[in-house]
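Lettering of chains follows the sequences in order, A, B, ..., and the numbering in each one begins at 1.
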Protein chains: 2
Amino acid sequence: MKLTEKKVSSILRRQGYKLTPQRRAVLNAIAANKDHLTPAEIFDRVRREYPGIGLVTIYRTLDILTDLGLICEVHSGGHCRSYLMRRPQEHHHHLVCSDCGTVTDFTNCDLSALEQRLSRETGFHVEGHLLEFSGRCQSCQTITP
Amino acid sequence: MKLTEKKVSSILRRQGYKLTPQRRAVLNAIAANKDHLTPAEIFDRVRREYPGIGLVTIYRTLDILTDLGLICEVHSGGHCRSYLMRRPQEHHHHLVCSDCGTVTDFTNCDLSALEQRLSRETGFHVEGHLLEFSGRCQSCQTITP
DNA sequence: GCGTAATTGAAAATAATTTTCATTTATAGT
DNA sequence: ACTATAAATGAAAATTATTTTCAATTACGC
């Protein structure tokens, strides 16, 4: 299910948000990349096609889009905030290439057996998990560093 | 295997670092907590017993201790840097209580089956993973929020 | 088209982290 | 114990990241 502009617009409006050209530009910048972008990187890219935009707007837009589940955050690599289009709408995780930054999604993480074991062993009531893999994507494996 | 002062000292010296009273104080502050602490929190605690210490020293010490594998970082909860004594020396992960912050370690994450599946499906050569569980520890489950 | 609530950008404020540098200190070698 | 020296420290300034404030502007339901 491709995320059309109409769909995005209706998701935003359903929550009382407006689809401004700035927000559209931010979404397009994120959607145009297969790797993850920091707020500053998004700012730079959006500015090319929308020179007047302020960095504040980037931050505000990223917060809203994250709340609405339209974009995801990536953590691998030590940086704190880096964003990516949310592709599968279901629960999923990321494989992040440490060389080129390309992100591949996968579903069915299937941690329930592990969660049950942990509940049993530790008494923890597990509510969520943070899981990300890092490594080299297929096209980065052949090139020597 | 308990991490004695002698052991810490020798680990530091082996890499050409010195065991200063400041570093000892930072280690003690981290070791004294079962939950994770941010650099600012560590600064506040260390300052009580060592008033002259600078925040810079905290940052520098945390970097060194992380490099040497004496402390771990925790990511759950959205904050970026929060530290914890490294307890099992082996590969392990954390269960973080979202209520009181207590961190429980576990080993044998056993993601190899998943990693193999991902390699097969995506061509990724998986090199590492970031895994953390969040939830409620046993003693925080009984109290209503 | 109009009214209004939402959004924007600039600037200032705050927070987090790093760099620089002169001074101090831990420790290996004597 | 004493000394030389490389490493470490703290203060201040610099940098980077993020949030708040506010007056002006704009999207969109009516």
Side-chain angles (χ1 to χ4, degrees), chain A residues 5-29 36-68 70-71 73-75 77-83, chain B residues 5-29 36-68 70-71 73-75 77-83:
Chain A
E5 181 139 334
K6 268 213 176 63
K7 204 165 276 174
V8 168
S9 158
S10 99
I11 292 173
L12 281 168
R13 259 175 311 191
R14 200 174 309 143
Q15 312 294 321
Y17 295 115
K18 293 171 181 172
L19 180 56
T20 63
Q22 289 92 333
R23 286 177 184 169
R24 207 172 324 195
V26 170
L27 266 167
N28 286 337
H36 45 110
L37 299 171
T38 62
E41 286 166 341
I42 294 168
F43 180 51
D44 285 344
R45 280 156 203 252
V46 171
R47 208 150 43 154
R48 286 181 214 149
E49 70 165 88
Y50 204 107
I53 201 166
L55 182 53
V56 224
T57 301
I58 306 290
Y59 276 104
R60 284 190 284 227
T61 303
L62 291 174
D63 286 344
I64 292 170
L65 296 177
T66 305
D67 279 354
L68 296 182
L70 293 170
I71 58 175
E73 261 179 54
V74 171
H75 301 269
H79 49 64
C80 214
R81 293 169 69 161
S82 216
Y83 297 87
Chain B
E5 180 139 337
K6 267 212 177 65
K7 203 164 278 173
V8 168
S9 157
S10 99
I11 291 174
L12 281 168
R13 257 176 313 192
R14 200 174 309 144
Q15 311 296 320
Y17 296 116
K18 294 170 181 175
L19 180 57
T20 63
Q22 290 93 333
R23 287 177 181 167
R24 206 172 323 197
V26 169
L27 265 167
N28 285 337
H36 46 110
L37 300 171
T38 62
E41 286 166 340
I42 294 168
F43 180 51
D44 285 344
R45 280 156 203 252
V46 172
R47 207 150 44 154
R48 286 181 213 149
E49 70 166 87
Y50 205 107
I53 200 166
L55 183 52
V56 224
T57 302
I58 306 291
Y59 277 104
R60 285 189 282 228
T61 303
L62 291 173
D63 286 345
I64 292 170
L65 296 177
T66 305
D67 278 355
L68 297 182
L70 293 169
I71 58 175
E73 261 179 55
V74 171
H75 300 269
H79 51 64
C80 213
R81 292 170 70 161
S82 216
Y83 296 88

Minimum heavy-atom distance [X]-[Y], with the two atoms named:
| X | Y | answer |
| --- | --- | --- |
| Ala29(A) | Val46(A) | CB-CG2, 3.7 Å |
| His36(B) | Val74(B) | CB-CG2, 4.1 Å |
| Pro39(A) | Arg81(A) | CD-O, 3.5 Å |

[X] [atom1] to [N] [atom2], straight-line distance once rounded to whole Å:
| X | N | atom1 | atom2 | value |
| --- | --- | --- | --- | --- |
| Arg47(B) | dG10(D) | CZ | P | 12 Å |
| Arg81(A) | dT16(D) | CZ | P | 18 Å |
| Asp44(A) | dA17(D) | CG | C1' | 14 Å |
| Arg60(A) | dA6(C) | CZ | C1' | 11 Å |
| Ile58(A) | dA10(C) | CD1 | P | 12 Å |
| Phe43(A) | dT19(D) | CZ | C1' | 15 Å |
| Tyr59(B) | dT16(D) | OH | P | 16 Å |
| Leu55(A) | dA12(C) | CG | P | 16 Å |

So which protein nitrogen or oxygen atoms get under 3.5 Å of nucleotides 24-30 of chain D's nitrogens or oxygens?
from, atom 1, to, atom 2, distance (Å)
dA27(D), N3, Lys18(A), NZ, 3.1
dC28(D), OP1, Leu19(A), N, 3.1

Subject >> Residue whose closest nucleotide on DNA chain D lies nearer the 5' end, Gly16(B) versus Val56(B) >> reply: Gly16(B)
**OP:** Return yes if some donor-acceptor pair links the side-chain N/O of Arg23(A) with the main-chain N/O of Lys18(A) below 3.5 Å, else return no.
**Re:** yes
**OP:** Side-chain contact test, heavy atoms from C-beta onward, threshold under 4.5 Å: evaluate it for Glu73(A) versus Tyr83(A) and give yes or no.
**Re:** yes
Original post:
Can you tell if the side chain of Leu19(A) reaches within under 4.5 Å of the side chain of Arg24(A), non-hydrogen atoms only?
Top reply: yes
Original post:
Within the structure shown, what part of the strands sits under 4.0 Å from Arg23(B) by heavy-atom distance: base, sugar-phosphate, or nothing?
Top reply: sugar-phosphate
